Amino acid sequence: MAVPHLIRRGVSGGSPLHPLRGLLFASQEFGQRSLSSETGDAAAQLKGAREEVKQLLKATSCHPILVRLGWHDSGTYDKNITEWPKCGGANGSLRFEIELKHGANAGLVNALKLIQPIKDKYSGVTYADLFQLSSATAIEEAGGPKIPMVYGRVDVAAPEQCPPEGRLPAAGPPSPAEHLREVFYRMGLNDKEIVALSGAHTLGRARPERSGWGKPETKYTKNGPGAPGGQSWTSQWLKFDNSYFKDVKERRDEDLLVLPTDAVLFEDSSFKFYAEKYAVDQDAFFSDYAEAHAKLSNLGAKFDPPKGFSLN
Ligand code: HEM
């Protein structure tokens, strides 16, 4: 879909928090650009950033941690809170130290460090957009489906606007199915989306020194790529496919990780319906994953322009 043309607004229109706002003022004063060129600039910057993310992925194999970064920014969303940014969600708040220090975010400071140079180069791209762009690009570059993304997310301005700790799911709660539903239903997501999104664990590893989960190393992780160590859910943990569902179902190897919240996808009857389907039908998984990932990436986001815009 092409970048939409914007309706001309007054100079004071839109959010004061969008970093392109300053550029807009300057161009309007000289009368050389229309507001639609502002969106054009934003799209051009996002495309430039996307190319740099691809280079970064090639150089460092950081696909998994970029996916986790995007998810942990958006996954704080609470649909019961109508006020932005109190509702949490994809608003760039995860760049602030206070939120990076939440227990669930252990290690994600490394992801921020990796993409900060891209943010510095493309300063018109918000953190909220950059986190989601990086995550979707990582999925696609790892062989996953094309995610129907929308951009134009506005950033929160200050650490005081970060969500409280404790909104992300725990991996070993007493009743995993109940816990997953409590957390994901609060985000407005359903059982199908819980199972599809859990399939993101086809990528990456858990590290005892970060989350407390996983082995220090396995035969699949001892040589990297990237920093060696940790325990992966799948043997080819940089390839996005449906092997997560096959491996969790079969428990074929002690070296592969199954968290209590992964195991329950084959125990709870409603979750199981989808997990069994995805284990045998990668196309169904890709299609449901792409839709759920796009929805996740939009949770709690305030867009400027209000409906956002897509990149081609
Ligand atoms: C269903 C509830 C979920 C739980 C309980 C959970 C838990 C975890 C835990 C404990 C880790 C290990 C972190 C570490 O030690 O560094 C992890 C990693 C990861 N999670 Fe999840 N997760 C969940 C859902 C998701 C979702 C919805 C996504 C994305 C859509 C996701 C993407 C990832 C990725 C890609 C990694 C690997 C990170 C890396 O290798 O650095 N997870 N998750």
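Since the structure is predicted, the reported quantities are computational estimates derived from the model, not experimental observations. Whatever order the structure lists them in is the order used to number ligands and atoms, beginning at 1.
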Exercise for the section: Give the numbers and elements of all ligand 1 atoms closer than 4.0 Å to a heavy atom of I65. Expected result: 41 (O)
Exercise for the section: Can you sort out which atoms of ligand 1 are near S198, meaning under 4.0 Å from one of its heavy atoms? Expected result: 1 (C)
I want to know if ligand 1 touches [X] in the polar sense, i.e. an N/O pair below 3.5 angstrom.
X	result
S211	yes
T261	no
R207	yes
H201	yes
W213	no

Practice task
Say whether G75 and ligand 1 are in contact under the criterion: heavy-atom distance to a ligand atom below 4.0 Å.
Solution key: no
Practice task
Would you check whether F184 reaches within less than 4.0 Å of ligand 1, judged by its heavy atoms?
Solution key: yes
Part of [X] within contact of ligand 1 (heavy atoms, under 4.0 Å):
X	value
A170	backbone
L180	side chain
Y289	side chain

Practice task
Give a yes or no on whether K47 atom NZ has more than 12 heavy-atom contacts from other residues, nucleotides or ligands under 6.0 Å away.
Solution key: yes
Check [Y] with [X], please: is the shortest side-chain N to carboxylate O separation under 4.0 Å?
X	Y	result
E276	K249	yes
D191	R181	yes
K54	E51	yes
E250	K246	no

Practice task
Closest by any non-hydrogen atom to atom 12 (C) of ligand 1: pick that one out of P169, A206, A104.
Solution key: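 Ranked by closest heavy atom to atom 12 (C) of ligand 1, first place is A206.
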Completion exercise
Taken to the nearest 0.5 Å, the spacing of L112 CG from L69 CG works out to 7.0 Å
Handout entry: Of N91, D304, N298, the residue whose pairing with R153 passes side chain to side chain donor-acceptor pair (under 3.5 Å)
Key =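 Answer to the side chain to side chain donor-acceptor pair (under 3.5 Å) test with R153 among N91, D304, N298: N298.
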Practice task
Would you mind reporting whether F240 and P145 have side-chain heavy atoms less than 4.5 Å apart?
Solution key: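 Yes - at least one pair of side-chain heavy atoms lies under 4.5 Å apart.
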Practice task
Scan F271, Y77, W71 and name whichever one has a ring-ring contact (aromatic ring centres under 6.0 Å, His included) with F184.
Solution key: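 Looking at F271, Y77, W71, the match for F184 under the ring-ring contact (aromatic ring centres under 6.0 Å, His included) is W71.
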